[in-house]
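Right, one structure below, let's go through it.
Quick note: residue numbers are just sequence positions, from 1.
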Amino acid sequence: MQKVQGFGGFFFRAANPGLLAAWYEKYLGINPVPTGPDSQPWMADGGASVFAPFPEDTDYFDDQSKQFMLNFRVADLDAMIAQLDVAGIVAEDRLNMDGIGMFARIHDPEGNPIELWQPER
């Protein structure tokens with residue numbers, strides 16, 4: 001059986017795509033979509049990727065109007081939160097799950113939930 005090799009991208013609508021792409025690049029280090037041969041896409045570091053459909057009525061995403069939540073692996077959650085705090089980006093819902101790792105929640109400028117995950121080593 002053929003299987004996909006990994007996560008290739010995430011595409012979603014935004015009120016201001018340029019502003020949102022710049023925010024993700026500035027605060028999370030995610031390169032915007034390449035526009036030519038001299039620009040490079042974001043290259044994720046190896047590690048687990050979770051594909052998890054949730055029930056329609058889940059409250060895990062905070063906002064019932066949001067259809068998705070991004071989850072990004074980070075090497076040092078405390079350092080990432082400190083960096084975001086300096087920029088005025090508030091990390092909420094800190095959680096430590098034994099055997100899985102530490103989590104924190106932020107939101108992008110359009111209110112999309114983003115979960116930061118430091119996997120347990």
I'd like a table of donor-acceptor pairs (distance under 3.5 Å, sequence neighbours excluded) in which one partner is a side-chain atom from residues 113-120, with atom names and distances.
residue	atom	partner	partner atom	Å
Glu115	OE1	Asn71	ND2	2.8
Glu115	OE2	Tyr60	OH	2.4
Trp117	NE1	Ile100	O	3.1
Gln118	OE1	Leu77	N	2.7
Glu120	OE1	Gly99	N	3.1
Glu120	OE2	Gly99	N	3.2

- [ ] Tell me whether Leu70 is reachable from Ile81 by hopping between hydrophobic residues (I, L, V, M, F, W, Y) whose side-chain heavy atoms are closer than 4.5 Å.
- [x] yes

Open item on the list: According to a hydrophobic-cluster definition based on side-chain heavy atoms being under 4.5 Å apart (Ile, Leu, Val, Met, Phe, Trp, Tyr only), do Ile106 and Phe61 belong together?
Closed with: no

What heavy-atom pair brings [X] and [Y] nearest, and what distance separates the two atoms?
| X | Y | result |
| --- | --- | --- |
| Val74 | Met80 | CG1-CE, 4.0 Å |
| Arg94 | Ala104 | CG-CB, 4.2 Å |
| Asp59 | Gln64 | CA-NE2, 3.7 Å |

- [ ] Quick one: pull up CE in Met43 and CD in Gln40 and give me the separation to the nearest 0.5 Å.
- [x] 8.0 Å

Open item on the list: Just verifying a value: how many Å separate Thr58 OG1 and Lys66 NZ, rounded to the nearest 0.5 Å?
Closed with: 15.5 Å

Is the closest side-chain heavy-atom distance between [X] and [Y] below 4.5 Å?
| X | Y | answer |
| --- | --- | --- |
| Phe54 | Phe68 | no |
| Asp93 | Phe103 | no |
| Phe10 | Ile30 | no |
| Leu28 | Trp23 | yes |
| Asn112 | His107 | no |
| Leu20 | Glu110 | yes |

Open item on the list: Please tell me whether Phe51 and Phe7 form a close aromatic pair, meaning their ring centres lie under 6.0 Å apart.
Closed with: no

- [ ] Indicate yes or no for a side-chain donor-acceptor contact from Ser39 to the backbone of Gly36 under 3.5 Å, with no hydrogens or angles considered.
- [x] yes

Task: Intermediate values then yes/no, side chain to side chain contact (heavy atoms under 4.5 Å, CB included), Asn96 and Met102 - done: CA-CA 4 Å; Asn96 187 4; Met102 297 187 308; 3.7 Å; yes

